[in-house]
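The residues of the chain are indexed from 1 along the displayed sequence.
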Amino acid sequence: MNVFYEESGSFKVGSIVARNDASLQVDTQHGKRAKIKAANVLLEFSSDLGAFLPAAEALAGELDLDFLWACAPDDDFDYQTLGAEYFGHLPTAIESAALLMKLMGAPMYFYKKGRGRFKRAPEEALKAALAGIEKKKREQAQIDAWVVELEAGQLPDALRPHLMTLLFRPDKNTLEYKAFDAACRSLNLPPLRMAARVGGIPSVPEYLLAGFLMEHFPKGAGFGPLPPVNAPADLPLAEVEAFSIDDAATTEIDDALSLVTLPNGNRRVGIHIAAPTLGIAPGSEVEKLVFNRLSTVYFPGDKITMLPDSVVEVFTLQEGAACPAVSLYVEVTPDFEPVGFENRIERVRIAANLRHDQLEQVFNEETLAAADGGPDYPFKDALTWLWNFAVALEKRRGKHDPTRPVQMDYSFAIEGGRVLITPRRRGAPMDKLVSELMILANSEWGRMLAEAGIPAMYRAQSMGKVRMTTKPEPHIGLGVAQYAWATSPLRRATDFVNQRQLLAMIRGEKPEFEEGNAMLFAILRDFDAAYSAYLGFQDRMEHFWCLRWFTQEGVTEPTATFIKEDLVRIDGLPLRLRVGGLPELTAGERIRLQVVRIDELMQEIELRYLGRLEAPPALSETAVG
C-alpha cells in the first residue's frame with residue numbers, strides 16, 4: 001500500500017514499510033527511507049507509485065478553480081464530497097490527490113478546516129483577495145518598468161519628487177523604493193551613485209541642503225503667516241549713540257557698543273543687545289517658532305533664520321534707528337578696571353553699522369601701532385579705547401598671550417557658483433574688541449541672574465568638555481566663573497530665554513522660567529541637539545566648498561601643516577584631512593601634497609605626500625566653529 005502525504009508544504013508519495021498509531025515508515029519514490037507523521041497522510045492508494053504524483057499534478061493543472069468554488073457548499077465539506085459533485089462520480093485516488101492539491105493550493109478560494117475538510121471563501125472575501133492579486137501584478141509591472149528606465153540611466157518622472165526621500169528617509173514599503181532598490185542591486189551601485197547616474201543630483205549643495213531640510217525642517221524653511229510683532233513705544237531714549245560691528249551679510253544685528261566719558265574721568269561702556277522679548281509675548285506663535293527652530297542656521301552662501309524678516313526688522317539694531325535694547329553699562333577707570341555695572345531697558349540710537357570688510361582696512365594691528373595714530377575713520381577714538389579695554393579684559397581672564405600662534409578664521413561667499421574663501425586673523429582688533437565685551441556681558445549677566453536666584457542657560461566647560469546647563473558653572477576655556485549666552489537673542493533660543501529672565505530680574509518681576517521648570521530643561525536639551533546638528537551641517541557644506549575650491553582654482557599640489565599621526569591641515573583652507581603614507585614628521589612641519597582624486601558627490605579627497613617644505617609655518621590655522 002502507498003500513501004500520498006504533505007511534508008513542509010510539498011506533496012509526496014511513498015510505499016508503506018511499517019505503521020504505528022502516530023507515524024509511518026515509508027520508502028519514497030526516490031528509494032529513501034523516511035519517517036512521516038500519520039496526521040500528514042492525505043490518502044492511501046495501490047496504483048503505481050512512480051506514475052501517481054505526475055498524473056495527479058497534471059490533472060490538478062486542468063481543474064477549474066472557479067468551477068470548484070461554485071460547486072462547493074456554503075458549509076464545511078469533505079474533499080471527496082466536492083470531488084463527487086465535480087467529477088460526477090466518486091473520485092479515484094489520482095482524482096482525489098489532484099483535488100487536494102488544487103484545494104490546498106488555493107487558500108484564497110478555500111479555507112482549510114482539518115484534514116481533508118474545507119470551507120469555501122465568502123464571495124466578497126474572494127473578490128477582495130483576487131483584486132489584491134491583480135493590484136500586486138500591476139504594481140510589480142510598474143516597478144519593473146521603472147527599473148528598466150533606471151537601468152537605462154533615466155529617472156522616471158514619478159520617482160523625481162520622491163528622490164530625496166529615497167536617499168535620506170526611504171520607506172521600504174513604497175513602489176518607488178522597491179524600484180530604486182532593485183535598480184541599485186541590479187547595477188551594484190549605492191543609492192547616491194544611482195541618483196547621480198540618472199541625473200537626480202545636479203547640485204551637491206542642493207542635495208545636502210535637501211537632506212538637512214528633510215531632517216530638521218520637514219515642513220520647509222519658510223515661515224507661515226504670523227501675527228504682527230511691534231516694539232514698545234514707551235521706552236526711554238538712551239543718551240548715547242551706538243555702533244555695531246558685523247559681517248557685510250549680517251541682517252540679524254544683535255549687539256552694539258557705545259562709549260562716553262564721565263565727569264569723574266572714568267568711561268562708561270554701553271553694551272546694547274537687541275530686545276525681541278519686549279515685543280514677543282510668552283506663549284505667542286512667534287515664541288513657539290523660536291522654541292521650534294532654536295537657532296539660525298548658517299552655511300556658505302545662505303542661512304535659515306530663526307525669526308522671519310518681518311520680526312527681525314522690528315528689533316535688529318539698524319543704522320539710523322532708535323532700537324529697543326537691553327543695555328549693560330560698565331563704568332571703567334582710566335586703568336581699564338570695571339568698577340560698576342548698571343542694567344537698563346531702553347531705546348538706543350544706532351549711529352552706524354560698521355562692517356568687517358571695510359573696518360579692518362583702517363582698524364588693525366598696524367594702524368593701532370602706527371606712530372602717527374594711523375588714518376582717521378569713524379569712531380576711531382572709541383574703537384581704540386575699547387580695543388585697549390578688550391586687551392585688559394583678556395588679561396583679567398588670564399587668556400592674554402602675545403606669543404600664542406596666530407589662528408585663522410574663514411568666511412565663505414558663493415558668487416555665481418564660485419566659492420570665495422577669505423581668511424581672517426582670529427584675535428584681530430575688531431574681533432577681539434567685540435568678543436571680549438560680549439564675554440563680559442554674558443559672564444556678568446550670568447552672575448547677576450545667579451545672585452538673583454533666577455535660572456538661566458549657561459555654557460560650562462570642565463576637563464575640556466563644553467556643555468549646556470541651567471546652573472552657573474565655570475567655563476575654564478574662557479576663564480570666567482559663569483557664562484550665560486545672552487547677546488544673540490535674534491539668532492539663538494538660549495539667548496532669547498536668558499533675555500526673558502534678565503527682563504524679569506531688571507523689572508523685579510516673576511520670571512517666565514522658575515527653578516526646576518521642566519520647559520526650561522526641555523528647551524536646553526532640544527537646543528543642544530539642534531545646535532550641534534546645525535553646526536554639523538555647516539561643516540559638511542564648508543567641506544564641500546573646500547573640495548570645489550581645489551578644482552575651481554586648479555590647485556593640484558597644495559601645502560599643509562602636519563598636526564599628528566596622519567592628520568594635516570591644508571594651508572589657506574579650514575580643512576583638516578588624513579593622508580596615508582606620511583613619513584616621521586614633527587608637529588607644525590610644512591609638507592607638500594598632491595591631489596590624487598576628488599569626489600565631490602561622496603565628499604572625498606585623496607592626497608599623496610610629495611615632500612617637506614623647509615620654511616616653518618607662519619600661521620596656525622583652524623576651521624571656523
Open item on the list: Between Gln603 and Asp599, is the side chain to side chain donor-acceptor pair (under 3.5 Å) condition met? List the steps.
Closed with: CA-CA 6 Å; Gln603 295 207 58; Asp599 188 334; over 6 Å; no

Within this structure, what is the [atom1]-[atom2] distance for the pair [X] and [Y], rounded to the nearest 0.5 Å?
| X | Y | atom1 | atom2 | answer |
| --- | --- | --- | --- | --- |
| Phe513 | Leu524 | CZ | CG | 11.5 Å |
| Leu175 | Gln142 | CG | CD | 7.5 Å |
| Phe4 | Asn40 | CZ | CG | 12.0 Å |

Just by distance, do the side chain of [X] and the backbone of [Y] share a donor-acceptor pair under 3.5 Å?
| X | Y | result |
| --- | --- | --- |
| His30 | Thr28 | no |
| Lys119 | Asp74 | yes |
| Thr174 | Asp171 | yes |
| Ser96 | Thr92 | yes |
| Arg120 | Trp69 | yes |
| Glu287 | Gly283 | yes |
| Ser186 | Ala182 | no |
| Thr586 | Glu589 | no |
| Thr296 | Met306 | yes |
| Trp545 | Arg540 | no |

TODO: Find out whether the Lys NZ or Arg CZ of Arg293 is both under 6.0 angstrom from the six-membered ring centre of Phe223 and within 45° of the ring's axis.
DONE: yes

Taking the side chain as everything from C-beta on, heavy atoms only, tell me whether [X] gets closer than 4.5 Å to [Y].
| X | Y | value |
| --- | --- | --- |
| Glu557 | Leu593 | no |
| Cys546 | Phe412 | yes |
| Leu547 | His543 | yes |
| Glu473 | Arg467 | yes |
| Val3 | Phe45 | no |
| Arg612 | Leu585 | yes |
| Val26 | Ile36 | yes |
| Ile523 | Met457 | yes |

Is any side-chain N of the basic residue among [X] and [Y] closer than 4.0 Å to the acidic one's carboxylate O?
| X | Y | result |
| --- | --- | --- |
| Arg578 | Asp566 | yes |
| Arg492 | Asp495 | yes |
| Lys288 | Glu285 | yes |
| Lys113 | Asp75 | no |
| Glu134 | Lys137 | yes |
| Arg160 | Glu176 | no |

Open item on the list: Can you list everything that forms a salt bridge (charged side-chain N to carboxylate O under 4.0 Å, His left out) with Glu151? Sequence neighbours excluded, please.
Closed with: none

TODO: Given side-chain contact (heavy atoms from CB on, under 4.5 Å), test Leu43 with Tyr79 step by step and report yes or no.
DONE: CA-CA 11 Å; Leu43 60 87; Tyr79 77 94; 4.0 Å; yes

Open item on the list: Please confirm whether the ring centroid of Tyr207 lies under 6.0 Å from the ring centroid of Phe544.
Closed with: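 Not under 6.0 Å, so no.
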
Kindly give the heavy-atom pair with the smallest separation between [X] and [Y], and that separation in Å.
| X | Y | answer |
| --- | --- | --- |
| Gly417 | Arg548 | O-NH1, 4.1 Å |
| Pro218 | Glu215 | CD-O, 4.3 Å |
| Leu213 | Ala221 | CD2-CB, 3.9 Å |
| Phe527 | Ser295 | CE1-CB, 4.2 Å |
| Leu567 | Phe562 | O-CD1, 3.9 Å |
| Val41 | Tyr5 | CA-CB, 3.8 Å |

Open item on the list: With a 6.0 Å cut-off (strictly less than), is the heavy-atom count around CG of Asn188, excluding the residue itself, greater than 12?
Closed with: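 Atom CG in Asn188 is not crowded, with 12 or fewer foreign heavy atoms closer than 6.0 Å.
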
Task: Residue Asn20 excluded, over 12 heavy atoms near CG under 6.0 Å - done: yes

Open item on the list: Ring-plane angle category for Phe217 and Tyr534, please: parallel below 30°, perpendicular beyond 60°, tilted otherwise.
Closed with: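 Parallel, since the angle between the ring planes stays under 30°.
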
TODO: Classify the ring geometry between His216 and Phe212 as parallel (under 30°), tilted (30 to 60°) or perpendicular (over 60°).
DONE: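 Aromatic pair His216/Phe212 classed tilted.
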
Open item on the list: Pair Glu515, Lys471 - check salt bridge (charged side-chain N to carboxylate O under 4.0 Å, His left out), show working.
Closed with: CA-CA 10 Å; Glu515 194 70 40; Lys471 301 290 184 182; 2.6 Å; yes

- [ ] Evaluate ring pair (Phe, Tyr, Trp, His ring centres under 6.0 Å) for Phe496 paired with Trp485, printing each intermediate quantity in order.
- [x] CA-CA 9 Å; Phe496 183 91; Trp485 261 349; over 10 Å; no

- [ ] Start with the C-alpha distance between Ile563 and Val568, add both sets of side-chain angles, then the distance that settles side-chain contact (heavy atoms from CB on, under 4.5 Å), and finish with yes or no.
- [x] CA-CA 5 Å; Ile563 300 174; Val568 303; 5.7 Å; no

Open item on the list: Is it the case that the side chains of Asp64 and Tyr86 hold a donor-acceptor pair, with the cut-off being a distance below 3.5 Å and no angle test?
Closed with: no

- [ ] Please check if any side-chain donor atom of Asn2 sits under 3.5 Å from a side-chain acceptor atom of Ser46, or the reverse.
- [x]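 Ser46 and Asn2 do not have a side-chain donor-acceptor pair below 3.5 Å.
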
- [ ] Check the pair Tyr111, Phe118 against ring pair (Phe, Tyr, Trp, His ring centres under 6.0 Å), reporting the backbone distance first and the verdict last.
- [x] CA-CA 5 Å; Tyr111 304 150; Phe118 300 87; over 10 Å; no

- [ ] Start with the C-alpha distance between Arg185 and Asp181, add both sets of side-chain angles, then the distance that settles salt bridge (charged side-chain N to carboxylate O under 4.0 Å, His left out), and finish with yes or no.
- [x] CA-CA 6 Å; Arg185 286 186 282 106; Asp181 180 63; 2.9 Å; yes

Task: Residue that, paired with Glu6, satisfies salt bridge (Lys or Arg N to Asp or Glu O under 4.0 Å) out of Lys112, Arg115, Lys12 - done: Lys112

Task: Pairs flagged by salt bridge (charged side-chain N to carboxylate O under 4.0 Å, His left out) wherever residues 28-55 is involved - sequence neighbours left out - done: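 Pairs touching residues 28-55 that pass the test: Arg19-Glu44, Asp27-Arg33.
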
Open item on the list: Under the criterion side-chain contact (heavy atoms from CB on, under 4.5 Å), I'd like the reasoning laid out for Gln154 against Val198: C-alpha separation, chi angles, the key distance, then a yes or no.
Closed with: CA-CA 5 Å; Gln154 299 173 357; Val198 297; 6.0 Å; no

TODO: With side-chain contact (heavy atoms from CB on, under 4.5 Å) as the test, would you mind laying out the steps for Glu553 and Arg418 before giving the verdict?
DONE: CA-CA 10 Å; Glu553 301 299 322; Arg418 291 179 58 84; 3.3 Å; yes

